[in-house]
Amino acid sequence: MSPRLCEFHLPLTPEELLKSGGVNQYVVQEVLPIRNLPSQLRAFQAAFRAQGPLAMLEHFDTVYSILYHFRSIDPGLKEDTLEFLIKVVSRHSQELPAILNDATLSVSDRSAHLNALKMNCYALIRLLESFETCQTSLMDLDLGGKGKKARAKAAHGFDWEEERQPILQLLTQMLQLDIRHLWNHSVIEEEFVSLVTGCCYRLLENPTISHQKNRATREAITHLLGVALTRYNHLLSATVKIIQMLQHFEHLAPVLVAAVSLWATDYGMKSIVGEIVREIGQKCPQELSRDSSGAKGFAAFLTELAERVPAILMSSMCILVDHLDGENYMMRNAVLAAMAEMVLQVLNGDQLEEAARDTRDQFLDTMQAHGHDVNSFVRSRVLQLFTRIVQQKALPLTRFQAVVTLAVGRLADKSVLVCKNAIQLLASFLANNPFSCKLSDTDLAGPLQKETQKLQEMRAKRQASAASAVLDPEEEWEAMLPELMSTLQQLRKLPQEEEEIAEEMATTETTEEVKGRIRRLLAKASYKQAIILTREAIGHFQGSEPFCHMDPEELEETRFLNLLGTIFKGPAASTQEKNPQGSAEHMVPGQTNCEDKPNGSEPEKSRERDELVKQEMLVQYLQDAYGFSLKITEAIGIISKMMYENTTTVVQEVIEFFVMAFQFGVPQALFGVRRILPLIWSKEPGVREAVLNAYRQLYLNPKGDSARAKAQALIQNLSLLLVDASVGTIQCLEEILCEFVQKNELKPAVTQLLWERATKKVPCSPLERCSSVMLLGMMARGKPEIVGSNLDTLVNIGLDEKFPQDYRLAQQVCHAIANISDRRKPSLGKRHPPFRLPQEHRLFERLRETVTKGFAHPDPLWIPFKEVAVTLIYQLAEGPDVICAQILQGCAKQALEKLEEKSTPQEDPKETPMLSTFLLMNLLSLAGDVALQQLVHLEQAVSGELCRRRVLREEQEHKTKEPKEKNASTETTMEEEIGLVGATADDTEAELIRSICEMELLNGKQILAAFVPLLLKVCNNPGLYSNPELCAAASLTLGKFCMISSTFCDSQLRLLFTMLEKSSLPILRSNIMITIGDLTIRFPNLVDPWTPHLYARLRDPAQQVRKTAGLVMTHLILKDMVKVKGQVSEMAVLLIDPVPQIAALAKNFFNELSHKGNAIYNLLPDIISRLSDPEGGVEEEPFHTIMKQLLSYITKDKQTESLVEKLCQRFRTARTERQYRDLAYCVSQLPLTERGLRKMMDNFDCFGDKLSDVSIFSAFLLVVGKLRRGAKPDGKAIIDEFEQKLRACHTRGLDAIEETGQGGSQKTPSAKKQSVVSRHQHLASATSDNDFVTPEPRRTAHRHPNTQQRVTKKKPRIVFSSDESSEEELSAELTEDETPKKTTPIRRASTHRHRF
């Protein structure tokens, strides 16, 4: 049969065209071989030139064969076929308009054109899909490679990505024709539409379609599908296809959003948005919780669609609300983001209608509620959305307080991301607040109180005028009459309500009371009740006025109204007496309230009303501003604690927030800005740079008209930071200024103005002058020439010859001068000698004279000054020991002269002359400073200089050697190569320095030795020398002397520890604790036997001493100067210290200790043992707090399993209910896994008999609950078995397990040793000196610290019964030499114990 007479059916698969179908259905007769295809294609082209597009009817088999062999044929043939088919379809689309408009077109011709159209479109689309498939395959083979596009072009002979767009545009042009007339009944078949649109969807599946280079293709696809939607009823199919593609192709969400928004706007197909949203809304939330990829696609689609067409999407939001209760957080985020976009773009502004405002409020309420969502990503997303809303000023003012409260609450969130976004939201509130540029709650409180009082006065005045106003009853009656008549007519049919009122009235009320009730009911517009009451009164008071005077000639309704009028318009005072404000409060709508004075004019009334409204608005504004300021102040307190979080991004947000808060004048922001300073030492470059940027933004760009004005503002701001600043704060600021100076960010005008203030060329106060010198010294760290070139000027400023001396200024001058040299130990790489000034320099002359002159005068600022002066002398002077010896001699001479003056001949020779306390204190303090600086000078400057000279000498010798001499000794060369020569020389120099310190500095020939007897006398006689300042100075000096010589230190350690334990002065104990910490680093072997006394200070009754002890022990333990012994449980007790700073210090210690391998894991057994000790432990609730913190550091599965086993074994040795509960609590806090559960099952008999206790049972149930949350299906069986055993033991005891048949035969717990001899010594303060016997060195084999040690009573001790470890646990155990050998339980009793 001729192809013209056949009907072409669009196949679902290409193979269907090869099978014989129905009657007159076109079938491909033959698939041509590849070799014949070029000639057949040429024949097709010739036929096309003769017959036009209808030539396809005769040559479709050729095109089908090309498609059939597409992967095997020559690329040139593919390209020729595509080019030719484009020409055929284009020609057909040009001819079709005339054919479609031809009324004389025969049925056969129409059928032929229809077949040709379907064949041409089918061939072109299948060819397009074939090219696309090959292109995708080629890209998959060469993902990420270079030259993909070039290779693809070489493979096909052309760039396929540029060819797709013309084909799609051609198909779009074809569909825009009215081709439906080619079909019977003008109904286009669905297969044809699916053919055209299907190729679009297949093109969209290509992952590269979303790339920018394929934008033209995306737009062509969008327009083609848009025509199909508008002209060919493709809406339902498109909706289904879009939903499917969103579920399976993540890259398509933005592409489909662009297409849908274009269809909804340009093509007028708004309904497709509703259809798609309806399909998404009908998706089961439980299904989406399992299909994460689909939920992700839907969420991205909804989010971006809301950004593009929020107004269209808003009508369908009710369908999506159900997903807010679903489990998938991405869908919740998408719905909330859509709501936010609608608030921003549609529901924004003050001119919204009531319905729109209600919708906006519902959306905002929903968002606020999800600020407390269970998922942290949702909470974080809500805060981000509110940040956008605030930044675009779309948040109603009435919502400010609620959203700020939400943000402040989220600052305590466990999620770092939520905290970060909460800080960003608060920063946005600050930047976009509508209240004021300065948000100080103290500044706002005054105006608020004043304006509130003014408002109250205005309201009182208004109420008074309203109460005194005379209302015209006649006018009121005329106003209410129409509505009263209407009510009367309605009540004629409702007589049943009168009985209840009549009964009450008959028994309780008189005529006047009833009349008063009727007046008040009429005044309140309660006409129904007034009429019923009047009817009853007429019947009840028939002989009383006015109910008896009824004119019988009038109509009943008229008579009744006249009676009501008479009652209402009667004596007005009656109504006012009963309800003086009733007529004003219950006016009929539309009635005029004469609230102003009768003689007041209407403009005056209006003006007073306007003023009252304005005042109310002002008070409301001030209340909102004050409440907002209070919330920001609260937030600052919380955010300041987040400044030292581990997360860099959070710290950066905190810094930015404080910068903004400071700029808005929040008073507490200065505190935060100061707390930022220590972060300059952060190891994170991002945090350090954030600190620099913050101070750059706050201080380097001040406001001012000129450079000098800006410099004045900058100096003033920096000076404010120095007010009451600690030494640490000053060091941090110095580092920041040093960075600015090195980068030339400080203008020369700043330095110039500082010098002018320092030299008094500019009028300034003494404190401002001192701060200027401090700032100059800080800048000298970055550029020493700032001070070095003006050294004499500085000497004149602070060390002039006037008296009395300004020691604060002199101290800062010394600090500034010290920055001109490098204070660090000289390195080997430096060949030039260190910077030193001669002894005769005027600086040292003035320092010597200033220190000596001030010695004999009781100025408290002299002591810190002379310390800095001595340090400066040793840092810069040649032969500093000579200068300091002269100073010591001069001061000692003055002290002797003062002593001689007091011992006059007239006095009793038996009386010992007494030296003033401050002189003795100054003398000892000066000697201590000289001793310490002499030690530092020897070990740094002298040692470094010896090393430098040795290196120079060796280099000189090396140059003078002959080449032959260099190779003479192979042994010497090898020693030089491995560094033994240098090491030996270093040891020799170190030994020289050590011998000087040990043998010379404190012997009888040196000046320092002269002070030793005096020093020891003061320290050994605290009763005689009881002045606190003197005792503190003497103890510090003793510590400095001990730093020099190990021999002297060993001889005085007992004295130091006696003072540490027995002194009644907290400041003295605190100082000695610091001193002994330094001695531990210098002479660790000497101090090691005394370590228990150091731990004892952690429970000192004085807060200051506990804090100092915590700091010292933290440094010593973390630097491995003290081995972590059992007494570390004392540090754990500090976690519950009532002082927050001490508790934070302890927490920081354990945070750092957790980074040192398995340290905490190894210490936990002993800590648990000591803290749960009935005699020396802590209470149960504090125990839980401590262990919750410590057990949070156990994160390794192997450690957890080992601890579980040991804790279970521990139940056997515990002897009190409290210990059982403590152990159960510890088990419940461990992060258990399935293997850990199996360990518990294996040791169930250890604790099974203790489960009758509710607390213990609850703790193990908590373990079960934790295991269930993350359990795999195959692990739930053992969890169920464990829970059944728990419940059986709890209800019926351990023996009941055998009845359940699940646990098998249970063994009774084996008996363990019930007590261990307590071998510890009490660390509390003793009452006699016998407690302070010097401990023997640790290297002895058998140590007996106290030969008269009392025998302690034996008591049950808590030890682990399973100390043997399997091989797999060895990595988490202490080695033998690391294991604490001596255990000391915590004694929380008084520090003064009585010995028996």
Side-chain angles (χ1 to χ4, degrees), residues 917 920-921 923-925 927-932 935 997-998 1001-1004 1008-1097 1100 1102 1105 1108-1109 1112 1116 1122 1321 1323-1338 1345-1348 1391-1392:
T917 301
L920 185 56
M921 177 182 66
L923 185 62
L924 292 178
S925 178
D929 292 337
V930 172
L932 182 62
L935 174 64
C997 293
E998 291 285 342
L1001 288 185
L1002 294 180
N1003 67 6
L1008 291 176
F1011 293 91
V1012 172
L1014 176 62
L1015 175 63
L1016 295 179
K1017 183 176 182 180
V1018 173
C1019 292
N1020 278 302
N1021 296 278
L1024 181 60
Y1025 303 96
S1026 58
N1027 183 273
E1029 295 179 350
L1030 174 61
C1031 291
S1035 62
L1036 285 175
T1037 301
L1038 178 61
K1040 293 172 182 178
F1041 272 63
C1042 288
M1043 292 285 290
I1044 295 176
S1045 167
S1046 61
T1047 305
F1048 183 79
C1049 176
D1050 194 21
S1051 64
Q1052 304 305 324
L1053 270 181
R1054 183 171 179 271
L1055 173 60
L1056 277 174
F1057 278 99
T1058 302
M1059 296 166 67
L1060 177 66
E1061 295 283 345
K1062 288 190 170 185
S1063 175
S1064 60
L1065 302 174
I1067 183 64
L1068 186 64
R1069 299 199 300 274
S1070 183
N1071 285 344
I1072 295 177
M1073 190 71 200
I1074 298 174
T1075 299
I1076 295 178
D1078 293 336
L1079 290 174
T1080 304
I1081 294 176
R1082 181 156 176 82
F1083 306 119
N1085 293 332
L1086 294 180
V1087 183
D1088 184 69
W1090 298 89
T1091 303
H1093 296 281
L1094 294 178
Y1095 280 106
R1097 287 307 96 210
D1100 196 282
V1105 181
T1108 303
V1112 171
L1116 293 178
V1122 171
Q1321 288 184 331
L1323 299 182
S1325 300
T1327 57
S1328 66
D1329 291 342
N1330 293 334
D1331 294 318
F1332 294 97
V1333 177
T1334 305
E1336 294 294 329
R1338 293 191 62 182
N1346 192 344
T1347 56
Q1348 298 178 356
T1391 54
H1392 299 283

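Everything numeric here is computed off the predicted structure, so don't read it as measured data.
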inquiry  = Tell me whether Glu1029 contacts the main-chain N or O of Met921 through its side chain, where contact means a donor paired with an acceptor under 3.5 Å.
reply    = no
task = Quick one: closest heavy-atom pair of Thr1108 and Ser1070, and the distance?
result = OG1-OG, 2.6 Å
ask   = Is there side-chain contact between Leu1094 and Val1112, with heavy atoms separated by less than 4.5 Å?
value = no
key: Pairwise distance CG(Asn1071) to CG(Leu1036) - rounded to 0.5 angstrom   = 4.5 Å
key: Distance, nearest 0.5 Å, that separates CG of Leu1086 from CD of Gln1052   = 12.5 Å
query = Backbone N or O of Arg1054 within a donor-acceptor pair of the Thr1058 side chain at under 3.5 Å?
reply = yes
request  = Measure the spacing between CG of Leu1015 and CZ of Phe1041 and express it to the nearest 0.5 Å.
outcome  = 6.0 Å
request  = Could you tell me which non-hydrogen atom of Gly928 sits nearest to which non-hydrogen atom of Lys1040, and how far apart they are?
outcome  = O-CD, 3.3 Å
task = Mind running side chain to side chain contact (heavy atoms under 4.5 Å, CB included) on Ile1044 and Arg1082 for me, showing each step along the way?
result = CA-CA 9 Å; Ile1044 295 176; Arg1082 181 156 176 82; over 6 Å; no
request  = Keeping the roles fixed (side chain from Asn1021, backbone from Leu1024), state whether a donor-acceptor pair exists under 3.5 Å.
outcome  = no
task = Working to the nearest 0.5 Å, report the span between SG of Cys1019 and CG of Leu1055.
result = 5.5 Å
From Thr1075 atom OG1 to Leu1038 atom CG, the distance as rounded to the nearest 0.5 Å = 8.0 Å
ask   = Quick check: does any side chain N or O of Ser1035 sit under 3.5 Å from a backbone N or O of Cys1031, one acting as donor and the other as acceptor?
value = yes
query = How are the rings of Trp1090 and Phe1057 set relative to one another: parallel (under 30°), tilted (30 to 60°) or perpendicular (over 60°)?
reply = parallel
task = Over all heavy atoms of both residues, which pair between Leu1068 and Ser1063 is shortest? Give the atoms and the distance, please.
result = CD2-OG, 2.9 Å
task = List the steps, then state whether side chain to side chain contact (heavy atoms under 4.5 Å, CB included) holds for Phe1083 with Asp1050.
result = CA-CA 9 Å; Phe1083 306 119; Asp1050 194 21; over 6 Å; no
request  = Apply side chain to side chain contact (heavy atoms under 4.5 Å, CB included) to Met1073 and Val1105, showing your working.
outcome  = CA-CA 8 Å; Met1073 190 71 200; Val1105 181; 5.7 Å; no
task = For the pair Leu1116 and Thr1091, evaluate side chain to side chain contact (heavy atoms under 4.5 Å, CB included) and give the outcome as yes or no after the intermediate values.
result = CA-CA 11 Å; Leu1116 293 178; Thr1091 303; over 6 Å; no
message = Could you report the tightest heavy-atom contact between Leu924 and Thr1037, atom names first, then the distance?
response = O-OG1, 2.9 Å
note = CG of Leu1053 to CZ of Phe1048, rounded to nearest 0.5 Å, is 10.5 Å
query = Which atom names give the shortest non-hydrogen contact between Leu1008 and Ala927, and what distance separates them?
reply = CD2-O, 3.9 Å
Shortest non-hydrogen contact from Glu998 toward Ser1046 = OE2-OG, 2.6 Å
query = Is a salt bridge present between Glu1061 and Arg1069, judged by a nitrogen-to-oxygen distance below 4.0 Å?
reply = no
